[in-house]
Protein chains: 4
Amino acid sequence: MIKVGIIGATGYAGVELVRIITNHPQAELTAVCSVSFVGQPISEVYPSLNGICDLKCVTAEEVIEQSDVVFAGVQAGISQEFAKQCYEKGVKFIDLGADFRLEDEEDYKQWYGGEYIDKKLHEEAIYALPELFREQIKGKSIIGNPGCYPTSVALGLAPALRAGLVKTDDNIIIDSKSGVTGAGRKLTDTSHYPACNEAFSPYKIACHRHTPEIEQTLSKVANTKITVTFVPHLLPLNRGIISTMYVKAKDGVSLEQIRSEYEKAYKDEQFVRVLADGKTANLRDVKCSNYCDISLHFDSRTSTLIVVSTIDNMVKGAAGQAIQNMNIIFGLPENTGLNMVPTAF
Amino acid sequence: MIKVGIIGATGYAGVELVRIITNHPQAELTAVCSVSFVGQPISEVYPSLNGICDLKCVTAEEVIEQSDVVFAGVQAGISQEFAKQCYEKGVKFIDLGADFRLEDEEDYKQWYGGEYIDKKLHEEAIYALPELFREQIKGKSIIGNPGCYPTSVALGLAPALRAGLVKTDDNIIIDSKSGVTGAGRKLTDTSHYPACNEAFSPYKIACHRHTPEIEQTLSKVANTKITVTFVPHLLPLNRGIISTMYVKAKDGVSLEQIRSEYEKAYKDEQFVRVLADGKTANLRDVKCSNYCDISLHFDSRTSTLIVVSTIDNMVKGAAGQAIQNMNIIFGLPENTGLNMVPTAF
Amino acid sequence: MIKVGIIGATGYAGVELVRIITNHPQAELTAVCSVSFVGQPISEVYPSLNGICDLKCVTAEEVIEQSDVVFAGVQAGISQEFAKQCYEKGVKFIDLGADFRLEDEEDYKQWYGGEYIDKKLHEEAIYALPELFREQIKGKSIIGNPGCYPTSVALGLAPALRAGLVKTDDNIIIDSKSGVTGAGRKLTDTSHYPACNEAFSPYKIACHRHTPEIEQTLSKVANTKITVTFVPHLLPLNRGIISTMYVKAKDGVSLEQIRSEYEKAYKDEQFVRVLADGKTANLRDVKCSNYCDISLHFDSRTSTLIVVSTIDNMVKGAAGQAIQNMNIIFGLPENTGLNMVPTAF
Amino acid sequence: MIKVGIIGATGYAGVELVRIITNHPQAELTAVCSVSFVGQPISEVYPSLNGICDLKCVTAEEVIEQSDVVFAGVQAGISQEFAKQCYEKGVKFIDLGADFRLEDEEDYKQWYGGEYIDKKLHEEAIYALPELFREQIKGKSIIGNPGCYPTSVALGLAPALRAGLVKTDDNIIIDSKSGVTGAGRKLTDTSHYPACNEAFSPYKIACHRHTPEIEQTLSKVANTKITVTFVPHLLPLNRGIISTMYVKAKDGVSLEQIRSEYEKAYKDEQFVRVLADGKTANLRDVKCSNYCDISLHFDSRTSTLIVVSTIDNMVKGAAGQAIQNMNIIFGLPENTGLNMVPTAF
């Protein structure tokens, strides 16, 4: 059994990790850390876990001490320190935050305002979106788990860009919408119930931190520098992200050609479902699961490919993908413990 | 007092008309028609109206007989017949449906599948978005009240297009989101509570009937043919529409220039609020009111103007705007009976 | 015009007062106070008020200076101080908090933990539920505006208790449910969106502060000491309170007799609607209005009268009733400015 | 592997059965029937199942033919026919409807309006609430799976009644609240999104069909005839039931005594969690799981025991409990396939 520790266990991604690991046949949760709740059982914070996981929150050091792999769901800048400690002790480290997502330190400085404390760590690290970079993940000891928005975007656009069927100049529009858990457990005016129930608006318009991460992946698969316009919105629901994406098809390219590339790209991927012609992805249909649903549409009046991509932001967009990555680096079948069926409603 | 009748009074736009007219100081509701509920009081269908409006539903003929002005919220194709009857009796007619929105009958045939039964009616009719076409509305006897999506889009894009600050080739992306009342009172699988609560998806992607109406208005204000990519989504909330719109700015155009055009365009308009720099429109802030809030944003990395425009789909997007039009054709101050303050939550 | 000031204007009841007063034909808002936002326009806090009310928040002293009547929506204990200042200056004072609701200071000490700073103020004050105590309110200068739960309960049970048709021993069960605005604008774990969306539970079971207020009113109308079991719950919606109440009918009493008492009690009351036989009150049907809907049901198997009573917690349960009281003490028709039609959805 | 068939597979309980059986290690789904969708894959109706379960809907006969056990989620009256066919073929039958819940045929006639077509079937059948009647379930071939409300009520009140700590005269008040999936997949005015979002009301007050089922179980555990006042309400959320129950404690009985009985009763039950003193059950904390959370409270002012009991109406209230019963009759550990962790949000 893989001994698993979680730092930042009382955040939303943390409790979702607990939920999934509890039923993982080859992993067991050994220790959890939460700076706000040291000494308290995690089930005190999440009564849903009563009798299922009553581990008391300990320090990060204790977590690292007791684990083969440590997941960290903490704010940017802090993860690096834990990564370093893990690396030195030979413990695998999976970061659900942003410290190991950006290859270019300048991007990190610009968007997150910090520095890379030890370049060696970044050499050992990999940006780990399995469906796109599976081979490079194997054998790595530090994992940069992708952000929620970037996961939905990258899976949704990669096949078209890789196949060169769409234009790559400044015309990629990404209109994303996320449930409120994406904003985290921290109390804010914008996540206060009466402020976001029966409400809807975009936020961080064209300046969200996930932008460079999105562009890094798209540029890699397109093999050319990609710039996007990315606008996230806050949806009045708990779970899920949907990205509606607009790209210009190259002259003469048909929806059939595009669909064929998507089907080829994902035919062996359990967690990516390319919907049949005429169907539209809905975030309801992937809830509580590790699936990413993609539907393809074409506006022939303007030669615009419209891709709709949806994931559960807490599963494929966070904890589920992190465990998928754990399975990869520990040599397990990639879907181990991840066969949750979407809840339908 | 203006004698007001409503055909289709038990639809959502109908009951919203009742709500507003009840407090209109110069109009009184005299008769309501609903084919599904003939003989029943409207307060039986909407208990919210108990003791406030207990009028019994009568036939359309009776409504027309007793009214100075008739509002119709019925499906496309049927309105024309009522318009004809009203016109012949000298009764003003305000259509909340689509029969008098499209100037080009070919568009109507293509998107709605019907024909114009009497061209004379269309000569008497006007597409009535007051903030854009106020002068032409005065004196008209048949009003084509704009659709909900087109209202949010037209008010949001008109100043930029009219001033020629943005490009008009095939690069206008309109990503709209509507609350469920927009789908009407008719029971459908997609508006069943468990199917749309905690759910979100686009629908009628690049093929929604409001597309020609949007293009008609934008082409008129831009003075050139405009084609748009329009994708509506269904939001899990009752009221409100928000449109996030992406347009390329012409070279050298700044956000300040654009904002200045918007402020100039709407400085005398009570119902359009151009938000200050740094603010973002939220559909929560116009709920239950006749306001349209517009916020302007610029992605300098891709020279994209992003306009966010939000209305209450049932008020400015239907009943409120219809009454605004009634005020115009009866020579009343345009805001009479329409000073509802948004509910804040 | 009555000059109106609000202390605590950025709380939910405060902004609702602004909303209603804006359309009150005989009152004008002159000054607003909010300790958290001094110097900022209230429309900065509630963008819904943009262009409608952009008053800057000033100090409580300034508010009192400029007003004929002051509404206070602040925490228990503090209101008394403002009441005193108002009283000394001849300014009417309407307290939306708890400082002037309980006649017995011992109750106040026990449930709120404070003291009455000046007994004279309480002699000038009245617990002001117009439908029950209208005559005593006239001429008063300090108003204890009823709590939201107590309003729904008192209106729902008063006719049965006053007529002596139900038992008054320890068998009155009040199961109430409130929308989240009832918890106020302050950020808390329990009003964080992901914690209360798709969630539901009771809170402060049999120990909520509104209990003595409920019992005070019921005892008065029943003319005997009443003790109740009161359990509030938090509903995942913004506005509204519903109380489902269980009382044993006296032997031989029929639902018809009971209904007859309710109809008699409320036949001249605009804001209380006793629903017809077979109808059930729904909080949807009073939203954004000053109505209280009451439906009556009988479980003949257990001789239990079941009363369902519903109000908008922010209107009849707070701001609306406060303005109703203002109308009374200023000698205006009681419904002035309060004819808002419920929004239906 | 147990071969499982489902009749009524496209209902909400049906799709929930599919979700759970998919991950059941000792059962496999072999056939599904839905009269409305014969010939269509179930994943066409529930896109959440795409690629997970694409079985085409067949006739009931085919389902029975291919199964060791058949689950039926169909309307009252029809199940009996399928039960008969299964019984004659030696196929186990688990009814999620009401045909095998009531022991007294008179109750069935009165509340459901039908007759028992074959008394022998009822002799082979058992009302199967495992935590209360486990021993009698073993070896049975026809299972009457309990209703959702009755499950929450029976688990919540049984220990107090069995131990004789509470009064059993006509003073048991059950105020229950259910999410909208409880109303089923059928389109109705009351489950239309705009009608139940931001809405709340009781329904079938003191006349809901689950009343005799509740009384049957409570009478059995109390060993005396119990009559209750049962009032269900419709909650604006998808999943979950909560029952707030009011019972008079016998003189001198303390909360500690009562709690001790509950802890004793459920100490070996995995799926029932008696919450610690001071905690309150929330339906959020059992979502998507087979748990029942129970919290105990005491109003010493009126000697009222208040029990709050919550389940996921679709799992412990339907599909989960049905599979728990399948495990029992097939001799498997009772929690096989049922270790779903509640989703926390």
Side-chain angles (χ1 to χ4, degrees), chain A residues 10 12 14-16 18-23 25 41-53 179-181 185 197-198 236-239 266 269-276 279-289 291 293 295 310 312 314-315 337 339-345, chain D residues 10 12 14-16 18-23 25 41-53 179-181 185 197-198 236-239 266 269-276 279-289 291 293 295 310 312 314-315 337 339-345:
Chain A
T10 54
Y12 287 149
V15 68
E16 196 72 354
V18 173
R19 181 173 81 90
I20 301 175
I21 291 164
T22 297
N23 280 326
I42 190 169
S43 53
E44 184 78 14
V45 187
Y46 291 98
S48 59
L49 296 177
N50 258 323
I52 297 169
C53 175
V180 188
T181 51
R185 203 177 157 275
N197 180 46
E198 298 292 294
L237 49 77
N238 282 355
R239 285 170 177 265
Y266 295 129
E269 295 296 341
Q270 172 176 346
F271 296 126
V272 182
R273 303 189 290 197
V274 180
L275 302 193
K279 303 296 182 186
T280 303
N282 187 321
L283 59 75
R284 173 195 64 209
D285 297 325
V286 297
K287 252 195 321 182
C288 301
S289 83
Y291 287 92
D293 276 4
S295 65
T310 182
D312 184 312
M314 285 293 135
V315 188
N339 290 313
M340 298 89 73
V341 178
T343 53
F345 41 74
Chain D
T10 55
Y12 287 148
V15 69
E16 196 73 355
V18 174
R19 182 173 81 90
I20 301 175
I21 290 163
T22 298
N23 280 325
I42 189 169
S43 52
E44 185 77 14
V45 188
Y46 292 97
S48 59
L49 295 177
N50 257 322
I52 297 169
C53 175
V180 186
T181 52
R185 200 175 160 280
N197 179 46
E198 299 292 294
L237 49 79
N238 283 354
R239 285 169 177 267
Y266 295 129
E269 294 297 342
Q270 172 177 346
F271 295 127
V272 182
R273 304 189 290 197
V274 180
L275 302 194
K279 303 294 180 188
T280 304
N282 187 322
L283 59 75
R284 175 195 63 210
D285 297 325
V286 297
K287 252 196 319 185
C288 301
S289 83
Y291 288 93
D293 276 3
S295 66
T310 182
D312 184 312
M314 285 293 135
V315 188
N339 290 312
M340 299 89 72
V341 179
T343 53
F345 41 76

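The model shown is predicted, which means the values in this text are computed figures rather than measured ones. Here is how names work: the chains are called A, B, and so on, in the same order as the sequence lines, proteins then strands, and each is numbered from 1.
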J.: What heavy-atom pair brings D:P342 and A:S48 nearest, and what distance separates the two atoms?
T.: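 Nearest pair, atom of D:P342 first, then A:S48: CG-O, 3.4 Å.
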J.: What part of D:N197 lies closer than 4.5 angstrom to a heavy atom of chain A: side chain, backbone, both or neither?
T.: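 Only the side chain of D:N197 comes within 4.5 Å of chain A.
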J.: Taking the side chain as everything from C-beta on, heavy atoms only, tell me whether D:M314 gets closer than 4.5 Å to A:T343.
T.: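 Result no, sub-4.5 Å side-chain heavy-atom pair not found.
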J.: Is chain A contacted by the side chain of D:N238, its backbone, both, or neither, given a heavy-atom distance below 4.5 Å?
T.: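 Contact with chain A involves the side chain of D:N238 alone.
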J.: Could you pull out all residues at least two apart from D:T22 that satisfy side chain to side chain contact (heavy atoms under 4.5 Å, CB included)?
T.: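 Expected list: A:V341, D:V18, D:I52.
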J.: Kindly write out the residues that satisfy ring pair (Phe, Tyr, Trp, His ring centres under 6.0 Å) with A:Y46, not counting sequence neighbours, or none if the list is empty.
T.: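 If we apply the ring pair (Phe, Tyr, Trp, His ring centres under 6.0 Å) test to A:Y46, skipping adjacent residues, there are no hits.
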J.: At a heavy-atom separation under 4.5 Å, does A:R19 approach chain D through its side chain, its backbone, both, or neither?
T.: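 Both backbone and side chain.
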J.: May I ask you to name which of A:V15, A:N23, A:I20 has the most heavy-atom pairs under 4.5 Å with chain D?
T.: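 Answer, by heavy-atom pair count under 4.5 Å with chain D: A:N23.
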J.: Look up atom NZ in A:K287 and atom SG in D:C288, then write down how far apart they are to the nearest 0.5 Å.
T.: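 These two atoms lie 7.5 Å from each other.
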J.: Looking only at heavy atoms, which two atoms of D:E16 and A:F345 are closest? And how far apart?
T.: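 Between these two residues, the closest heavy atoms are OE1-CZ, 4.0 Å.
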J.: Check whether A:R273 reaches the backbone of D:N50 with its side chain - one donor and one acceptor, N or O, closer than 3.5 Å.
T.: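 Yes; at least one donor-acceptor contact below 3.5 Å.
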J.: Check each atom of D:Y291 against the heavy atoms of chain A and say whether the ones under 4.5 Å are side chain, backbone, both or neither.
T.: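 Answer is side chain: those atoms of D:Y291 sit under 4.5 Å from chain A.
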J.: Tell me, for A:Q270 versus chain D, whether the close heavy atoms (under 4.5 Å) come from the side chain, the backbone, both or neither.
T.: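 When you check distances to chain D, no heavy atom of A:Q270 falls under 4.5 Å.
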